[in-house]
Amino acid sequence: SPAYLDKKLKLSPDTPVGEVPEVVGEQVLEQEYRTRLCNLLQEFIASEEEFVQDMDFFVSHHLQHINSSPDLPPAIASQKDAIFRNVDDISAFHSSTLLPSLSECDTDDDVAMRFIKNTDGFEKYIQYLVGRA
């Protein structure tokens, strides 16, 4: 059976979604566990969708303004490539690769596999942090 069904979580009916209680309660029925997992996955995907929207706005408005503004202070203009490095690549990775693949996930194992399969995309963050392409 899938790993998420093999977990022996014990939750009370009052436990908020996403929280594991310190006190052991009744064992969750399989359907209740699936419902909670589904809610967590939907929340995770919704937060990724919001991140994609925020990054799209940043790239289309803020970076566009920085690249086209004649009033940009010289200190920023001379360092804009170092400051913003590959933000547009990170945004593209999330919108065209990660989010579509997460939308196909039904289990936590599916999500884990998407992260593993997209390791190269996450390398863009290391490129951003260390400043190398």
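Index from 1, following the sequence.
- The hydrophobic cluster containing Ile116 does not contain Phe93, counting ILVMFWY residues as joined when their side-chain heavy atoms lie under 4.5 angstrom apart, directly or transitively.
- Considering all non-hydrogen atoms of both residues, Pro100 and Ser95 come closest at CD-O, 3.4 Å.
- In this structure a side-chain-to-backbone donor-acceptor pair under 3.5 Å is present from Ser78 to Ala75.
- The hydrophobic cluster containing Phe57 does not contain Ile66, counting ILVMFWY residues as joined when their side-chain heavy atoms lie under 4.5 angstrom apart, directly or transitively.
- From Ile90, atom CD1 reaches atom CG of Asp88 across 9.0 Å, with rounding to the nearest 0.5 Å.
- Every residue was checked against the salt bridge (charged side-chain N to carboxylate O under 4.0 Å, His left out) condition with Glu50, not counting sequence neighbours, and none meets it.
- Checked against the 6.0 Å centroid criterion, the rings of His94 and Tyr125 qualify as a close aromatic pair.
- Counting heavy-atom neighbours within 6.0 Å of His62 NE2, excluding the residue itself, gives a total above 12.
- Between Phe44 and Phe115, the ring planes lie tilted relative to each other; the angle falls in the 30° to 60° range.
- The closest donor-acceptor contact from the side chain of Ser91 to the backbone of Val87 lies at 3.5 Å or more, if one exists at all.
- Outside the 6.0 Å centre-distance limit, the rings of Tyr128 and Phe84 are not counted as a close aromatic pair.
- A donor-acceptor pair is defined here as one N or O able to donate and one able to accept, closer than 3.5 Å; such a pair exists between the side chain of Asp110 and the backbone of Thr107.
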**Request:** Mind running side chain to side chain contact (heavy atoms under 4.5 Å, CB included) on Glu48 and Leu98 for me, showing each step along the way?
**Result:** CA-CA 9 Å; Glu48 181 66 15; Leu98 188 60; 3.6 Å; yes

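- Put simply, the side chain of Thr35 does not reach to within 4.5 Å of the side chain of Glu32, judged on heavy atoms.
- The hydrophobic cluster containing Met113 does not contain Leu41, counting ILVMFWY residues as joined when their side-chain heavy atoms lie under 4.5 angstrom apart, directly or transitively.
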**Request:** Take Glu123 and Ile126 through the side chain to side chain contact (heavy atoms under 4.5 Å, CB included) test and state the conclusion after the steps.
**Result:** CA-CA 5 Å; Glu123 291 287 326; Ile126 294 172; 3.8 Å; yes

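- Atom CG in Leu63 sits 10.5 Å away from atom CD1 in Ile83 (nearest 0.5 Å).
- At distances below 3.5 Å, at least one donor-acceptor pair connects side-chain atoms of Arg114 with backbone N or O atoms of Ser101.
- Among the candidates Leu40, Leu102, Ile45, the single residue satisfying the side-chain contact (heavy atoms from CB on, under 4.5 Å) test with Val111 is Leu102.
- Taking CG of Leu129 as the reference point, atom CG of Asn86 lies at 9.0 Å (rounded to 0.5 Å).
- A heavy-atom distance below 4.5 Å is not found between the side chains of Ser47 and Glu43.
- More than 12 heavy atoms of other shown residues, nucleotides or ligands fall within 6.0 angstrom of atom NZ in Lys80.
- In this structure, CD on Glu49 lies 6.0 Å from OG on Ser103, to the nearest 0.5 angstrom.
- Note that CD of Gln42 is 12.5 Å distant from SG of Cys105, once rounded to the nearest 0.5 Å.
- Asp89 places no side-chain N or O within 3.5 Å of a backbone atom of Lys124 that could act as its donor or acceptor partner.
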